[in-house]
Amino acid sequence: MVLVFAEQQKGKFKKATLEAITYGAKTAQLLNTTCAALVIGNAEGVDNLGVYGATKIYQINAEGLNDFDSQSYAAAIANAAKELGAKVIIMGHSSTGKSLLGRVAIRLEAGSVAGVNQLPSVEGGFKVNKNVFSGKAIATYELSSEVKVLSLMGNSLAPEEMGAAVAPEELSVDVPASRVKVLEAKTVDGEVPLPEAELVVSAGRGMKEPGNWGIIEDLAKSLGATTACSRPVADAGWRPHHEHVGQTGVAIRPNLYIAAGISGAIQHLAGVNRSKVIVVINKDPEAPFFKAADYGVVGDLFEVVPKLTAAINAYKAE
Amino acid sequence: MKLLVCISKTPDTTAKIAFTNGDTEFNEEGVQFIMNPYDEWYALVRALELKEAAGGSVTIINVGTSANDAVIRKGLAIGADDAVRIDADPKSSYFVAKQIAAYAADKEFDVVLTGKETIDFNGSEVGGMIAEALDMPFISYATHLEMDGNVAKITRDIEGGAEVAEVSTPFTLSASKGLAEQRIPNMKGIMMSKRKPLNVVAPVEISDPSKVVGYTLPDAKESVKLVDPENMTELVRLLHEEAKVI
């Protein structure tokens, strides 16, 4: 069995969870087995995980799982995997997944790969690929243990409707008491978080001052995109820390990354070079970012960005 | 407070990435190696600050061959009290974590710190693995840490925001930007680092369940297609019809 930890946030499943379910279902097909989803706590649309490929859904509720503690969560997942005889355990490569992956691997004495980006190959050994060297290369890992644990990089495959709704079953496993007390969680509501965004509009020092960000926000709004920024402007406090993409900030791989007024230092590229399509707007034709771009516009961003917003609005109005 | 900081040696951010031996090994030729920035700037410096505030000791630990000694000495020059090198050539996060946990098991460290990930393998797994093997809580991607006695209040990055949690020692954390500010070793630190102990320890036997069997480089990017800044309608058309992203 392939077991997918179906992560929820505030009672909802995000796209990354549905991606993991579809990935799990397709991996199960390759291995000639079934895919089950594991839900911790209660959430909206649990049955619906079946639509994305889970043929069984198990739900765990226990005292130790009220706050997120990687230790009690990992114990719940590992104990469920043992109980159900799961041989491959999959989770999203989210902040939660990153906290859990290594713990689950140690508990199950399993080989693990963090941030896989395509389906495994199962002929002559179980092999998976992931990006390494901050996107500059791809490594193929071979896992030789009986049990394998993977986290799936977001936006690596699209969730597919490949089944029907399934009623969840309660699963009872041993869960240790939590030793972590969550005091508060502050998240920006009403906006797609950067790691999950398909469209991203980003800007840097070329914006000259924080008061100029209106044109970037307008462009993002016209596309339904999430805003991001480069390190210097986050460090200067022009933009919030969580918007910073790059080596030391968030690493993203959206379908479209539009960068205005960002020169494209290697540290910035490390966080965005896995984007499917990159558009660079910069008045300096020598900006290194153009080398990594699919489309480039050499021009003054204060003129180009509003024109692009108008063109997108016109396209959407058609 | 007894602090253990796990450090890794990585190629410099600007290093040319190439492979040898039938694309199964990283080509180290001409590559400059550094201490993994998240380990150095954030994990090590925050550990030193905790020691400066409350007393205790900072030990750095690395799993690697003697080729790593220069990077380890740098950690001592920045201010760690002593260093441990587990003498092995690691091939996976699992191997590294098991070695560190085996060493730390009977040493009663209060806090174990790692960087959020290494810039070569981008795994972010070692911290959680050590914590699991040592039966400790683990907080990942910590951006802020305050200690009050043995209770820590830690802020960590989550999608689109931050979470604040409270945990008591002993615990493990992985360090992200914001936890501390980079320190440059001074001449005194560099001189003293030569006299500080660097203990080389034999590895324990571990059967490693994972290994890299090959590397590939991403397809070379086609050169950029320039669009007339006066014609953004054309850019929108390309994004829709050619790139199919909107």
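Below, read A as the first sequence line, B as the second, and so on, with proteins coming before strands; counting in each chain starts at 1. No experiment lies behind these values; they were computed from the predicted model shown.
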- Item | Worked check of salt bridge (Lys or Arg N to Asp or Glu O under 4.0 Å) between B:Lys153 and B:Glu166 | CA-CA 5 Å; B:Lys153 203 168 153 183; B:Glu166 201 172 80; over 6 Å; no

- Message: Does B:Lys177 form a salt bridge (Lys or Arg N to Asp or Glu O under 4.0 Å) with A:Asp235? I'd like the steps, not just the answer.
- Response: CA-CA 11 Å; B:Lys177 190 189 169 207; A:Asp235 281 354; 2.5 Å; yes

- Steps toward side-chain contact (heavy atoms from CB on, under 4.5 Å) verdict (A:Leu150, A:Leu143): CA-CA 10 Å; A:Leu150 310 174; A:Leu143 300 181; 3.9 Å; yes

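Side-chain atoms of B:Thr155 and B:His144 include no donor-acceptor pair closer than 3.5 Å. Side-chain atoms of A:Glu243 and A:Thr227 form a donor-acceptor pair, as typed in the model, at a separation below 3.5 Å. No donor-acceptor contact under 3.5 angstrom links the side chains of A:Glu7 and A:Thr17, judged on distance only. B:Asn36 and B:Asp39 share a donor-acceptor pair across their side chains, judged by distance under 3.5 Å alone. Side chains of A:Asn131 and A:Asn117: a donor on one and an acceptor on the other come within 3.5 Å. In summary, the side chains of A:Ser70 and A:Arg103 do present a donor paired with an acceptor at a separation below 3.5 Å, with no hydrogens or angles considered.
Ranked by heavy-atom pairs under 4.5 Å with chain B, the first of A:Lys14, A:Glu198, A:Glu109 is A:Glu109. Interface remark: of the candidates B:Asn231, B:Val167, B:Thr216, B:Thr216 forms the most heavy-atom pairs closer than 4.5 Å to chain A. Considering only heavy-atom pairs separated by less than 4.5 Å from chain A, the leading option among B:Ser207, B:Ala131, B:Ser223 is B:Ala131. Note on A:Lys148, A:His242, A:Gln9, A:Gln71: by heavy-atom pairs under 4.5 Å with chain B, the leading option is A:Gln71. Of all the listed residues (B:Ala101, B:Pro137, B:Gly161), the one sharing the greatest number of non-hydrogen pairs under 4.5 Å with chain A is B:Pro137. When the candidates A:Ala110, A:Ala105, A:Gly115 are compared by the number of heavy-atom contacts under 4.5 Å with chain B, A:Ala110 comes out ahead. Most heavy-atom pairs under 4.5 Å with chain A: of the set B:Tyr141, B:Phe138, B:Phe171, this distinction falls to B:Phe138. No other option in A:Leu308, A:Val304, A:Asn255, A:Ile266 has as many heavy-atom pairs under 4.5 Å with chain B as A:Leu308. Chain A forms the most heavy-atom pairs under 4.5 Å with one residue out of B:Lys244, B:Glu234, B:Met136, and that residue is B:Met136. When the candidates A:Ser95, A:Ala74, A:Pro193 are compared by the number of heavy-atom contacts under 4.5 Å with chain B, A:Ser95 comes out ahead. Among the candidates B:Phe19, B:Tyr42, B:Tyr215, the residue making the largest number of heavy-atom pairs closer than 4.5 Å to chain A is B:Tyr215. Counting heavy-atom pairs closer than 4.5 Å to chain B, the top residue among A:Lys316, A:Glu196, A:His241 is A:His241.
For chain A, no part of B:Ile130 is nearby; none of its heavy atoms comes within less than 4.5 Å. Looking at B:Ile154, there are no atoms closer than 4.5 Å to chain A (heavy atoms on both sides), in backbone or side chain. Heavy atoms closer than 4.5 Å to chain A are found in the backbone of B:Glu222, but not in its side chain. Contact of A:Tyr315 with chain B is made through the side chain alone, with heavy-atom distances under 4.5 Å. For A:Leu194, no part lies under 4.5 angstrom from a heavy atom of chain B. Contact annotation for A:Leu100: neither backbone nor side-chain heavy atoms come within less than 4.5 Å of a heavy atom of chain B. For chain B, no part of A:Asp67 is nearby; none of its heavy atoms comes within less than 4.5 Å. If you measure heavy-atom distances from A:Ala292 to chain B, the contacts under 4.5 Å come from the backbone alone. Contact annotation for A:Ile281: neither backbone nor side-chain heavy atoms come within less than 4.5 Å of a heavy atom of chain B. Residue contact with chain A, scored on non-hydrogen atoms closer than 4.5 Å, involves the side chain of B:Thr143 exclusively. Heavy atoms closer than 4.5 Å to chain A are found in the side chain of B:Ile17, but not in its backbone. Of the atoms belonging to B:Leu238, heavy atoms from both backbone and side chain fall under 4.5 Å from chain A. Only the side chain of B:Pro11 has a heavy atom closer than 4.5 Å to any heavy atom of chain A. Heavy atoms of A:Val277 lying under 4.5 Å from chain B belong exclusively to its side chain. Contacts between A:Val250 and chain B at a heavy-atom distance below 4.5 Å are absent for every atom of the residue. For a residue to count as touching a neighbouring chain, one of its non-hydrogen atoms must lie under 4.5 Å from one of that chain's; by this rule A:Ser178 does not touch chain B. Proximity to chain A (any heavy atom under 4.5 Å) is shown, for B:Arg237, by neither the backbone nor the side chain. For B:Ser93, no part sits under 4.5 Å from any heavy atom of chain A, backbone or side chain.
Between A:Lys136 and B:Asp120 there is no salt bridge, since none of the side-chain N atoms of the basic residue sits less than 4.0 Å from a carboxylate O of the acidic one. Looking at B:Asp135 and A:Arg179, a side-chain N of the basic residue comes within less than 4.0 Å of a carboxylate O on the acidic one, giving a salt bridge. Using a 4.0 Å cut-off between charged side-chain N and carboxylate O, B:Lys2 and B:Glu108 make no salt bridge. Electrostatic pairing of B:Lys225 and B:Glu242 counts as a salt bridge here, judged by a charged N lying under 4.0 Å from a carboxylate O. Taking the charged nitrogens against the carboxylate oxygens, B:Glu117 and A:Lys98 have no contact shorter than 4.0 Å, which rules out a salt bridge.
The cationic group of B:Lys107 lies under 6.0 Å from the six-membered ring centre of B:Tyr103 and within 45° of the ring axis, placing it in a cation-pi geometry.
In this structure, B:Asp106 places its CG atom where more than 12 heavy-atom neighbours from other residues, nucleotides or ligands lie under 6.0 Å away.
In this pair, B:Phe26 and A:Phe133 present their aromatic rings parallel. The plane angle is below 30°, not in the 30 to 60° band.
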